[in-house]
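Every heavy atom of this structure was used, including side-chain atoms; hydrogens, water molecules and symmetry mates were not. Convention: sequence-line order gives letters A, B, ...; per-chain numbering from 1. It should be emphasised that the depicted structure is a prediction, and the values quoted were computed from it without experimental measurement.
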Amino acid sequence: MTASKKVRVRFAPSPTGYLHVGGARTALYNFLFAKHNGGDFILRVEDTDLERSTEESMKMQISDLKWLDIPWVEGPNPETFEDMGPYGPYRQSRRKEIYMEHAQRLLKEDRAYYDFRTDEELEALKAAALASDPSKQYQVEAPAQVVSIADAEKRLAAGEKAAIRFRVREKRDYVLHDLVRGDVTFPSDMVGDFVCIRSNGMPVYNFCCVVDDALMKMTHIFRAEEHLPNTLRQMMLYEAFGYEMPQFGHLSFILGPDRQKLSKRHGATSCNDYRLKGYLPEALNNFMLLSGWSSPSGAEIMSREQQIAEFTPDRFNSSPAVFDTVKLEWMNGQYLRALPHEELWKRVEPFLRDAGLSLPASSSAEWRDQALTIFKIKMNTLADAVPLFLPLDDSRFAIGAEAAETLGWPESRAVLEAWRGQVAAFAGERMSEADFDAAQNAVKTAAGAKGKNLFMPIRVAVVGVPHGSELKMVVPLLSKASLLKRADAAIAGLK
RNA sequence: GUUCCCAUCGUCUAGUGGCCUAGGACACCACCCUUUCACGGUGGAUACUGGGGUUCAAAUCCCCAUGGGAACGCCA
């Protein structure tokens, strides 16, 4: 009673596509809960749906979990995908014998029975029941004469198919002490005799879930709210097996802006989508953490350590949360700007490479540092780096359409020509900030322009557009030859 | 239809009977910083779904209504 067991929690996705943000949040919560309590976080693959589960999906989800830095100590090895841990196998498709043994147990104790009825027969029963009393919810019941185990085995051996159904016996209330919702009372007649093993021999979700959670010694189950009504069946199963129930906590949904459950038609919903869009896993984690849970300290941006330290289930919010991508973007910008530049470059670089940018000067650490200093201010996602770095690629440089107005100003010609002259006269390879200031002053005097009439044309002659980062910061990133070519292009664009 | 869950600014949320003329964050607006755009800073506008109770006192407890959602599968 007093000696508390080691906390064991799991994330149990079904591998039918990418990892969804809702699933990722569930994984995160379980992981943080385990860490907070010095327990273990386990990954179990629920692939009993042969139709939809694929090996490929499992690997994608594992990859997403790795990207999010949510590691598990038992489950498929993240590299080899082979089971690791003492309670395996961790894929339900490989645990069939275990489920069958449990089903046999239920059969012997008359808590379950073989059901040879066809779908059509069951349908007819339902229709008849509804016809006699339409106000009552129809539930499947055992036939008056259940086939004996011995007879059933003979018929099975002869090739007939039967499902194994759990027998819901007495009518009474079941009360679940939910960690998120408090006490929830389910009347037992909310469900009929439900299938444990399909006639094709595959066990069904609620059955596997109980067997696995019990055998894998789970102490707590945090899962999505949609499973709440399932819990009644699971409670019945725990009771029939005599297994101790873990503590449950049913998390509220993540919704789209239309307050419908977040789904593909809302756009980006998988972690992979966000990875591709240039979101940082730290930011996505932090954001998911805060939709459905709040920090007792009121913190918003939280380190992993702080998250673990503060994570307790009494902070769950029982109402659903709309996934606010605008706030996620803000948060990503916060994380991104806080990254050391070497690290930020490592993350930005693949996006620049994928965009086909050629930036020879980026081999210099100093150049990278300078470029990130000025560009990260304008970035919220890693992908935002592409249009920012693009003008630095000589082969991609072009005078943008937004430059037309600036190039039409009367003093622009004088400014551009003076600027070109300054660049041409410059003796070094790259201007420093001071060099640029001096050159700009000279242009100011020569062309008699000041304010935006001065620097906007120059900016056009540097990056191709009139708005952007501070010139004295950008100019040192470009070579003299490059600046010269650009000035020529701008002059050619004059009215 | 039956059962279950949920209900505070546009959004994420704080709030567990008096500290609430309801706090924070994003977004929005204004101003400051800034020779542009951003970043940053300061300030502002905006919410307890409705109705009944309980109580000296209710965003907080109870009931009803309304609205939203889920489950009711040999899907998970």
Fill in: Neighbours of RNA chain B within residues 198-206 of chain A, by heavy-atom distance under 4.0 Å
A:R198, A:S199, A:V204, A:Y205
Worksheet item: Do A:F11 and A:F41 have ring centroids that are under 6.0 Å from one another?
Response: no
Discussion item. Base, sugar-phosphate or nothing for A:G298? Non-hydrogen atoms, less than 4.0 Å.
Written reply: nothing
Worksheet item: Which part of the nucleic acid, if any, lies within contact of A:R315, taking any heavy atom under 4.0 Å across all strands shown: a base, the sugar-phosphate backbone alone, or nothing?
Response: sugar-phosphate
Under 3.5 Å, side-chain donor or acceptor atoms of residues 466-474 of chain A against the rest of the protein: list the pairs with distances, not counting sequence neighbours.
none

Using a 3.5 Å cut-off and no angle test, enumerate the donor-acceptor pairs between side-chain atoms of residues 444-458 of chain A and protein atoms at least two apart in sequence or in another chain.
| residue | atom | partner | partner atom | Å |
| --- | --- | --- | --- | --- |
| A:T445 | OG1 | A:N441 | O | 2.9 |

Discussion item. I'd like to check the ring-ring contact (aromatic ring centres under 6.0 Å, His included) partners of A:Y29; sequence neighbours left out, ordered by chain and number.
Written reply: A:F311, A:F316
Table of protein N/O atoms under 3.5 Å from nucleotides 28-35 of chain B N/O atoms:
| residue | atom | partner | partner atom | Å |
| --- | --- | --- | --- | --- |
| B:U35 | O2 | A:G451 | N | 2.9 |

Please produce a list of atom pairs where a protein N or O lies less than 3.5 Å from an N or O of nucleotides 63-70 of chain B.
| residue | atom | partner | partner atom | Å |
| --- | --- | --- | --- | --- |
| B:G69 | OP1 | A:Q260 | OE1 | 3.4 |
| B:G69 | OP1 | A:Q260 | NE2 | 2.5 |

Response to the item:
Separation of B:G1 atom C1' from A:M190 atom CE, nearest Å, is 14 Å
Item to complete: Using the C1' atom on both, measure B:A47 against B:G53 and round to a whole Å.
Response: 24 Å
Item to complete: Can you establish whether the number of heavy atoms outside A:E141 located under 6.0 Å from its atom CD is more than 12?
Response: no
Discussion item. Within the 4.0 Å heavy-atom criterion, would you say A:A321 contacts the bases, only the backbone, or no part of the nucleic acid?
Written reply: sugar-phosphate
Item to complete: For nucleotides B:G17 and B:A70, find the distance between their C1' atoms and express it as a whole number of Å.
Response: 32 Å
Fill in: Separation between the C1' atoms of B:C9 and B:G23, rounded to whole Å
12 Å
Fill in: Between P of B:A25 and CG of A:L289, the distance in whole Å
18 Å
Worksheet item: Checking all strands, does A:G292 fall into the base, sugar-phosphate, or nothing category for heavy-atom contacts under 4.0 angstrom?
Response: sugar-phosphate
Discussion item. Counting only Watson-Crick pairs (N1-N3 plus N6-O4 or O6-N4) and G-U wobbles (N1-O2, O6-N3), all under 3.5 Å, who is the partner of B:A47?
Written reply: none
Response to the item:
Separation of B:G24 atom P from A:M331 atom CE, nearest Å, is 17 Å
Worksheet item: Now, which nucleotide makes the Watson-Crick or G-U wobble pair with B:A7, with each of the two distances under 3.5 Å?
Response: B:U66
Discussion item. So A:T48, base contact, sugar-phosphate only, or nothing? Heavy-atom distance under 4.0 Å.
Written reply: sugar-phosphate
Worksheet entry | Partners passing ring-ring contact (aromatic ring centres under 6.0 Å, His included) against A:F389 (at least two apart in sequence or in another chain) | A:W345, A:F375
Discussion item. Suppose you measure atom C1' in B:G1 against the same atom in B:A58; what distance do you get, rounded to whole Å?
Written reply: 36 Å
Fill in: Watson-Crick or G-U counterpart of B:C72, or none if no pair lies under 3.5 Å
B:G1
Discussion item. Going by ring-ring contact (aromatic ring centres under 6.0 Å, His included), name the residues that satisfy it together with A:H227, two or more places apart in sequence or in a different chain.
Written reply: A:Y205
Item to complete: Could you pull out all residues at least two apart from A:F116 that satisfy ring-ring contact (aromatic ring centres under 6.0 Å, His included)?
Response: none
Worksheet entry | Inter-nucleotide P distance (B:U11, B:C28), Å rounded | 16 Å
Practice prompt. Would you state whether a donor and an acceptor, one from the side chain of A:N230 and one from the base of B:A76, lie under 3.5 Å apart?
Written response: yes
Fill in: Span that lies between the C1' atom of B:C61 and that of B:A71, in whole angstrom
29 Å
Item to complete: Sort out the partner of B:G40 for me: Watson-Crick or G-U wobble, both distances under 3.5 Å, none otherwise.
Response: B:C32
What pairs of nitrogen or oxygen atoms, one from the protein and one from nucleotides 39-49 of chain B, lie under 3.5 Å apart?
| residue | atom | partner | partner atom | Å |
| --- | --- | --- | --- | --- |
| B:G40 | OP1 | A:Q334 | NE2 | 3.3 |

Worksheet item: Does any nucleotide pair with B:U54 by Watson-Crick or G-U wobble geometry, both distances under 3.5 Å, and what is it?
Response: none
Fill in: Nearest-Å distance for atom pair CG/C1', residues A:D173 and B:U3
11 Å
Which donor-acceptor pairs under 3.5 Å do the side chains of residues 184-195 of chain A make with protein atoms, sequence neighbours left out?
| residue | atom | partner | partner atom | Å |
| --- | --- | --- | --- | --- |
| A:S188 | OG | A:E170 | O | 3.2 |
| A:S188 | OG | A:R172 | N | 2.8 |
| A:S188 | OG | A:R172 | O | 3.0 |
| A:D189 | OD2 | A:K171 | NZ | 3.1 |
| A:D193 | OD1 | A:V168 | N | 2.8 |
| A:D193 | OD2 | A:Y113 | OH | 2.7 |
| A:D193 | OD2 | A:A142 | N | 3.1 |

Worksheet item: Does any N or O donor sit under 3.5 Å from an N or O acceptor when you compare the side chain of A:K327 with the base of B:A27?
Response: no
Worksheet item: What nucleic acid atoms does A:S252 come within less than 4.0 Å of, heavy atoms only: base, sugar-phosphate, or nothing?
Response: nothing
Worksheet item: Mapping A:P466 and A:D183 to their closest nucleotides on RNA chain B, which lands nearer the 5' end?
Response: A:D183
Worksheet item: salt bridge (charged side-chain N to carboxylate O under 4.0 Å, His left out): which pairs involve residues 199-216 of chain A, sequence neighbours left out?
Response: A:R10-A:D213, A:R44-A:D212, A:R44-A:D213, A:R95-A:D212
